[in-house]
Amino acid sequence: MALPLVAIVGRPNVGKSALFNRILGERRAIVDPMAGLTRDRLYAEADWRGRRFTIVDTAGLVLGKERDEVPAQRELRRRMEEQTGLAIEEADSILFVVDVREGLTPIDRDIADLLRRSRTPVLLVANKVDGRGREHLAAEFYELGLGDPLPMSAIHGTGGGELLDALVEGLPDSGPEPEDDTLAGRIAILGRPNVGKSSLVNALLGDERTLVTAVPGTTRDPIDTSLQVDGKRVVLVDTAGIRRPGLTRGVEQYSLLRGLRAMERSDVAMLVMDARDGITAQDRHIAGYVVEAGRGIVLVLNKWDLLTAEEKEEKVWRKRLRDAFDFAAWAPVAYVSAKTGQRVTQPLEVALEVVEERRRRVATPELNRWLRSVLAAREIPTRKGKRLNVLFVTQAESTTPTFVFFVNDPELVHFSYRRFLESQLRKQFGFRGTPVRLVFRRRGAERLE
Ligand code: GDP
């Protein structure tokens, strides 16, 4: 089961992203550096007093919109409606942020109307209460009929503990996915609207090479589809959501948010793109979320039938993909046409290979033999007069392949050296299609001989 989802809504400039960052706290800092992708992160895992949940700033997930431009009032209203609808549809709990310095505005009232009509629990966050004795400023918001406004300063952090206590208290429990030994893998299908996700699913379900079997839903809806590919059973996560578009007014398409939720319940994501559009910034972002979540990824270029022979030049595509997905250079690619059925089962077959790669465990002696040869092949540059010393490596128990390196001083690990180690590791052991995590610990932090 996916973690409970907490959505942040509210009009622009009330402090949604400050609140998002405040809730994430230190977790933000431990994410691997991925050029340009962590910067505008709007979807991440958080925890408070041992309760884990996913947090999303829905403003950033309304697709195809530039966040920064200042919209006209009417457009703003429409976007708020869309954003709020998305939160109501998908979230287990909503944090509705208002700004005590600006006071109650008509858009706040609009959002509150939508929220009051839904059954999703809402916490009203009265933000920008900066300084003691100003809590009374929040009182004005009682009028919204959403319960007690919780005074808070996202910038200073005051009120954050109380807010998080109230939040996690109301969250549903989530457990791990039920174990299923007969299952080869769980696959999610992601992508912008109209790239052909539902066409691809339908092509797969109609292909004589795949055998469709019904699975009872394990979560709120009977939402997953079970397939046989080469005799292996695969679950396509939340295919019902893909095949049944336009669930609610305002949320016309299978939303990216819903796709990300499906991704959390899967081993590997297929990122479907429209080959005619090339690779868009949105495609890169989605891939970034997948990599950050530590899931495998297969890049799927759909609508291949619409390209001319010259446009199909694979060398050109390879370069394009390498440039756009430089943080996931290890991701396999499939060129397909959902319409003609050309190679439609290939992404699935590749995704299953990726599942296998993720399950690989390298024995510690073998890893250390590899480490010694790598250390011998290239001298580690010094940093501030000190030299990194890598002593020992071992693979940790984790669904995302994770390697723990014991070193004299983790601060001496330069980004480029980390990258070098990762590429050498992949060269030797594979792990195609999956992110790998490299963790550096100070020697003595643990005794492993
Ligand atoms: P979704 O929003 O990602 O689920 O996209 P749909 O599956 O609804 O497809 C959007 C449009 O693209 C529809 O009109 C499809 O018929 C069309 N389409 C999807 N895949 C292909 C393809 O491989 N080739 C062509 N020519 N059209 C496609």
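Start at 1 and go down the list; that is how both ligands and their atoms are numbered. Scope of the values below: all heavy atoms of this structure, side chains included, with no hydrogens, waters or symmetry mates.
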- prompt: Tell me the ring-ring contact (aromatic ring centres under 6.0 Å, His included) pairs involving residues 291-311, sequence neighbours left out?
  reply: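 Pairs touching residues 291-311 that pass the test: Trp304-Trp317, Trp304-Tyr335.
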- request: Evaluate whether atom CG of Leu306 has more than 12 neighbouring non-hydrogen atoms of other residues, nucleotides or ligands under 6.0 angstrom away.
  value: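 Counting neighbours around CG of Leu306, more than 12 heavy atoms of other residues, nucleotides or ligands fall under 6.0 Å, so yes.
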For ligand 1, which atoms sit closer than 4.0 Å to a heavy atom of [X]?
{"X": "Val195", "value": "3 (O), 5 (O)"}
{"X": "Lys339", "value": "22 (C), 23 (O), 24 (N), 25 (C), 26 (N)"}
{"X": "Ser199", "value": "6 (P), 7 (O), 9 (O), 15 (C), 19 (C), 20 (N)"}

query: Does Asp305 approach ligand 1 within less than 4.0 angstrom via side chain, backbone, both or neither, non-hydrogen atoms only?
result: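 Under 4.0 Å from ligand 1, Asp305 contributes side-chain atoms alone.
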message: Within the structure, is a non-hydrogen atom of Arg192 found at a distance of less than 4.0 Å from ligand 1?
response: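 It does, in that a heavy atom of Arg192 comes within the 4.0 Å cut-off of ligand 1.
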- request: Return yes when Pro193 approaches ligand 1 closer than 4.0 angstrom through a heavy atom, no otherwise.
  value: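 So Pro193 counts as touching ligand 1.
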Listed once per pair and sorted, the salt bridge (charged side-chain N to carboxylate O under 4.0 Å, His left out) pairs that draw on residues 141-151, sequence neighbours left out: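 Qualifying pairs, neighbours excluded: Arg109-Glu143.
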- prompt: If you measure from atom 21 (C) of ligand 1 to every heavy atom of Lys197, Lys303, Met273, which option wins on shortest distance?
  reply: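 Answer by nearest heavy atom: Lys303.
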- prompt: Hey, is Asp238 close enough to Arg258 for a salt bridge, meaning N to O under 4.0 Å?
  reply: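 Judged by the 4.0 Å cut-off on N to carboxylate O distance, Asp238 and Arg258 do form a salt bridge.
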- prompt: Between Glu422 and Arg426, is there a side-chain N and carboxylate O pair less than 4.0 Å apart?
  reply: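 The answer is yes: the pair qualifies as a salt bridge.
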- request: Describe, in one word, how the ring planes of Tyr289 and His285 are oriented to each other, choosing from parallel (under 30°), tilted (30 to 60°) and perpendicular (over 60°).
  value: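 Ring orientation, 0 to 90° scale: tilted.
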message: Check this for me - ligand 1, Ala338, N or O atoms closer than 3.5 angstrom, yes or no?
response: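 In this structure, Ala338 places an N or O atom under 3.5 Å from an N or O of ligand 1.
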field: Short N or O distance, Asn194 and ligand 1, threshold 3.5 Å exclusive
entry: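 Yes - when backbone and side-chain N and O of Asn194 are compared with those of ligand 1, one distance drops under 3.5 Å.
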task: Verify the ring-centre separation between Phe403 and Phe431: is it less than 6.0 angstrom?
output: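 They qualify: ring centres under 6.0 Å apart.
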